[in-house]
Amino acid sequence: DKDEFWKSKIHPDDLPIVEKNLADAFLGDGDKWYQEYRFKKANGDLVYVTDNGLIIRNRFGKAVRMIGATQNVTKRKEAEIDLTNQKQRLTNVIEGTHTGTWEWNMQTNETIFSEIWANLVGYTLEELGPVNFQTWIDLSHPEDIKEFSKLLDDYFTGKSNYYQTEFRMILNNGHWSWIAAPGNGLSWTTDCKTLMMDVNTAT
């Protein structure tokens, strides 16, 4: 009927955060508390859990009781950590090889360029901003647009298993530079429309 046992099983690095957030929730006026932390099982294994609590208050607003549910989310958390590590390794490779990247949402036409991508054509992202897919088109050589557009279409429709092209882009000094742009990582909407595409670029 005390919380000492519960607290003794929380990872020492997580305990101060759990205690602070819990105290803040009790002192506030809300009726919900959520927390994710590491918890030690009886066999000594650490698992990731989430707690969802419903705070019951008296007529003066003081917290007098909490009813909660705890869920083991270790598999989900480990997958998130693995994905974060993969992204960091990819970032290290991209930065080490000085490769520019951009992501294109084909449903909204929103495009996210990396700073290295902008540097490849002699700009900063701030100088190019706001950026979108039209930015790529505007900087590309008119004679090359038709060819890489066809290659994109072949890739989207499944006629090609990959997208890779070389084309010219104009630098901020007025000179043209050849750019290699392999694309990958297509994702799809629930109704099977092309959603996202990741592209790497290098001079």
Co-members of Val73 in a cluster of I, L, V, M, F, W and Y side chains, linked at under 4.5 Å: Tyr48, Ile81
Who clusters with Leu54? Use side-chain heavy atoms, under 4.5 angstrom, across I, L, V, M, F, W and Y, and order the result by chain and number.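 Besides Leu54, the cluster holds no residue at all.
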Are any non-hydrogen side-chain atoms of Lys41 and Lys9 less than 4.5 angstrom apart?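 A side-chain contact under 4.5 Å is absent here.
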Are any non-hydrogen side-chain atoms of Trp33 and Met66 less than 4.5 angstrom apart? yes
Can you see which heavy atom on [X] is nearest to which on [Y], and at what distance?
X: Leu171; Y: Ser177; answer: CD2-CB, 3.7 Å
X: Glu127; Y: Tyr123; answer: OE1-CA, 3.3 Å
X: Thr124; Y: Asn119; answer: CA-ND2, 4.2 Å
X: Asn43; Y: Asp45; answer: OD1-N, 2.9 Å

Name the residue from Trp117, Phe113, Phe148 that meets the ring pair (Phe, Tyr, Trp, His ring centres under 6.0 Å) definition with Trp136. Phe148
Between [atom1] of [X] and [atom2] of [Y], what distance do you get to the nearest 0.5 Å?
X: Ser140; Y: Ile179; atom1: OG; atom2: CD1; answer: 9.0 Å
X: Asn21; Y: Asp24; atom1: CG; atom2: CG; answer: 6.0 Å
X: Leu128; Y: Glu126; atom1: CG; atom2: CD; answer: 10.5 Å
X: Leu22; Y: Ile55; atom1: CG; atom2: CD1; answer: 7.5 Å
X: Gln35; Y: Thr70; atom1: CD; atom2: OG1; answer: 11.5 Å
X: Glu78; Y: Asn85; atom1: CD; atom2: CG; answer: 11.5 Å

Around Gln134, counting heavy atoms of other residues, nucleotides and ligands shown, do more than 12 lie under 6.0 Å from its CD?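 Enclosed.
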Here the salt bridge (charged side-chain N to carboxylate O under 4.0 Å, His left out) pairs for residues 151-163, sequence neighbours left out, are Lys150-Asp154
Indicate whether the side chain of Asp51 and that of Tyr37 have a donor and an acceptor atom separated by less than 3.5 Å. yes
Any chance the rings of Phe167 and Trp176 have centres within less than 6.0 Å?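 No.
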Mind running side-chain contact (heavy atoms from CB on, under 4.5 Å) on Ile145 and Ile137 for me, showing each step along the way? CA-CA 7 Å; Ile145 293 176; Ile137 297 296; 3.9 Å; yes
Partners meeting side chain to side chain contact (heavy atoms under 4.5 Å, CB included) with Glu166 (sequence neighbours left out):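 For Glu166, the residues satisfying side chain to side chain contact (heavy atoms under 4.5 Å, CB included) (neighbours in sequence not counted) are Trp178, Ala180.
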For residues 12-19, dump all side-chain donor-acceptor pairs below 3.5 Å to protein atoms at least two apart in sequence or in another chain.
{"from": "Asp14", "atom 1": "OD1", "to": "Arg38", "atom 2": "NH2", "distance (Å)": "2.9"}
{"from": "Asp14", "atom 1": "OD2", "to": "Arg38", "atom 2": "N", "distance (Å)": "2.9"}
{"from": "Asp14", "atom 1": "OD2", "to": "Arg38", "atom 2": "NE", "distance (Å)": "2.8"}
{"from": "Glu19", "atom 1": "OE2", "to": "Lys7", "atom 2": "NZ", "distance (Å)": "3.2"}

Where the side chain of Asn172 meets the backbone of Gly122, is there a donor-acceptor pair that is under 3.5 Å apart? yes
Please set out all donor-acceptor pairs under 3.5 angstrom arising from side-chain atoms of residues 56-64, sequence neighbours excluded.
{"from": "Arg57", "atom 1": "NE", "to": "Gly30", "atom 2": "O", "distance (Å)": "2.8"}
{"from": "Arg57", "atom 1": "NH1", "to": "Phe26", "atom 2": "O", "distance (Å)": "3.1"}
{"from": "Arg57", "atom 1": "NH1", "to": "Gly28", "atom 2": "O", "distance (Å)": "3.1"}
{"from": "Arg57", "atom 1": "NH1", "to": "Gly61", "atom 2": "O", "distance (Å)": "3.0"}
{"from": "Arg57", "atom 1": "NH2", "to": "Ala25", "atom 2": "O", "distance (Å)": "2.8"}
{"from": "Arg57", "atom 1": "NH2", "to": "Gly28", "atom 2": "O", "distance (Å)": "3.1"}
{"from": "Arg57", "atom 1": "NH2", "to": "Gly30", "atom 2": "O", "distance (Å)": "2.8"}
{"from": "Asn58", "atom 1": "OD1", "to": "Phe60", "atom 2": "N", "distance (Å)": "2.9"}
{"from": "Asn58", "atom 1": "OD1", "to": "Gly61", "atom 2": "N", "distance (Å)": "3.1"}
{"from": "Asn58", "atom 1": "OD1", "to": "Lys62", "atom 2": "N", "distance (Å)": "3.0"}

Can you tell whether the side chains of Arg76 and Glu36 come within less than 4.0 Å, N to carboxylate O?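 Salt bridge present between Arg76 and Glu36.
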